[in-house]
Amino acid sequence: MHRLATWQLFAVCVLTWGTTWHAVTYQLSDLAPEFGVALRFALAGGLVLAYCAASGRWPRLGPGDHALLALQGSFLYGVSYVCVYHAERFVASGLVAVGYSASPLIAGIGARLLFKIPVSGRFLAGGAIGLAGIALIFWPELRRPTTDDRTTTGVLLTVASVLLSSVGALTASRNRHHGIGLLPAMGWGMVYGAAAAALVAVVLGRSVAVPAAASWWISLAYLTLAGSVLTFACFLTLQDRIGPGPTGTIGVMTPLLALVVSLLLEGFRPAALTAVGAFLAIAGNVLMLRPARVTLRPARA
């Protein structure tokens, strides 16, 4: 992954995660979402750790390292994705993607508070422009009146997922810059995330059923191999290179692709504001990605 240019890492993340929003919709039948998340990340984490062992990259990690990897995995891969899956049961996948467009600001502010990484006015302006663009894209759907609590539930789950995943992303940065290799951290994090999702399923008393639909298994394979192993490797590499805040701009761009997927596969019909919103979202990302690279360092005690 380190051989790829920054724009290539960014493109892989956007292209893949922009389509996983739709792929998740095939995971919402037969098997409880908690078990779907657990199976997805257990397979993905197992593949990454198997590669580490076969390539001689198996690390020596102490109890403290595993505790932090469990924190990373539980938030970044486990509970946050449980919230995503459930959110898509109540609101359109595009709205969940819109919620994730807030991640750059959250990650940038968190990195400033924890790691003393500067947050420039250009970064904040770009984030605001990007968020305005995404809001314009989905404004017609957002303004529709609701008569029940389903939309409220979906929005709250989306907000929870964004906050939890931001904590996981910042923990991942801390782990990488304290000597834990990218692939071992990703593999162990996914395994711990799978365990966290399975624990949630057990606590909630979810039942286990073997999905019969081929679409469920195909989407699981795509979410595991492309949406988890490949894309998270690119994401964490990109986060090492340019910092958590700028990397979070992926969360602004992916809704644009999710919009195209909805247009092609879900019968979505864009409003007149869509073109304006797309332009603003792209312009905001340009502003956010222009600041000079910074080196992540831990805050002094």
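All values below come from the heavy atoms of this structure, side chains included, with hydrogens, waters and symmetry mates left out.
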Does any non-hydrogen side-chain atom of [Y] lie less than 4.5 Å from one of [X]?
X: N175; Y: L69; result: yes
X: L49; Y: W58; result: yes
X: T171; Y: L76; result: no
X: L39; Y: T224; result: no

Using the rule that two of Ile, Leu, Val, Met, Phe, Trp, Tyr join whenever any of their side-chain heavy atoms come within less than 4.5 Å, decide whether [X] and [Y] are in one cluster.
X: L199; Y: L204; answer: no
X: L182; Y: F235; answer: yes
X: F90; Y: L156; answer: no
X: Y77; Y: L183; answer: yes
X: I129; Y: L136; answer: yes

Once you round to the nearest 0.5 Å, how far does [atom1] of [X] lie from [atom2] of [Y]?
X: L157; Y: H86; atom1: CG; atom2: NE2; value: 7.5 Å
X: F75; Y: L164; atom1: CZ; atom2: CG; value: 6.0 Å
X: R241; Y: F10; atom1: CZ; atom2: CZ; value: 13.5 Å
X: T153; Y: R89; atom1: OG1; atom2: CZ; value: 9.5 Å
X: L4; Y: L9; atom1: CG; atom2: CG; value: 5.0 Å
X: Q72; Y: M190; atom1: CD; atom2: CE; value: 9.5 Å

Next item on the list: Evaluate side-chain contact (heavy atoms from CB on, under 4.5 Å) for Y81 paired with E34, printing each intermediate quantity in order.
Entry: CA-CA 8 Å; Y81 270 87; E34 293 83 2; over 6 Å; no
I need the minimum non-hydrogen distance between [X] and [Y], along with the two atoms involved.
X: L223; Y: A23; value: CD2-CB, 3.9 Å
X: V14; Y: L257; value: O-CD2, 3.5 Å
X: L280; Y: G133; value: CB-CA, 3.7 Å
X: V191; Y: G46; value: CG2-N, 4.3 Å
X: C234; Y: C13; value: CB-SG, 3.8 Å
X: A197; Y: A38; value: CB-N, 3.9 Å

Judged by atom type as modelled, is there a donor-acceptor pair below 3.5 Å linking the side chain of [X] to the main-chain atoms of [Y]?
X: E88; Y: V96; value: no
X: Q27; Y: V24; value: no
X: W17; Y: G227; value: yes
X: S161; Y: S80; value: yes
X: S228; Y: L225; value: no
X: T19; Y: L15; value: yes
X: S165; Y: V162; value: yes

Check: Centres of the Y192 and F41 rings: under 6.0 Å?
Finding: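 Ring centres of F41 and Y192 not closer than 6.0 Å.
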Notebook entry, point to check: Is the Y222 to W217 ring centre distance short of 6.0 Å?
Noted result: no
Notebook entry, point to check: L43 and L220: side-chain contact (heavy atoms from CB on, under 4.5 Å), yes or no, with the steps?
Noted result: CA-CA 10 Å; L43 291 172; L220 175 65; 4.3 Å; yes
Next item on the list: In sequence, state the C-alpha distance, the side-chain angles, and the governing distance for W21 and V84, and then conclude on side-chain contact (heavy atoms from CB on, under 4.5 Å).
Entry: CA-CA 9 Å; W21 298 104; V84 167; 4.1 Å; yes
Note to self: Let's go through L61 and W188 carefully: what are the C-alpha distance in whole Å and the side-chain angles of both, what is the deciding distance for side-chain contact (heavy atoms from CB on, under 4.5 Å) to 0.1 Å, and is it a yes or a no?
What the structure shows: CA-CA 11 Å; L61 301 174; W188 280 114; 3.9 Å; yes
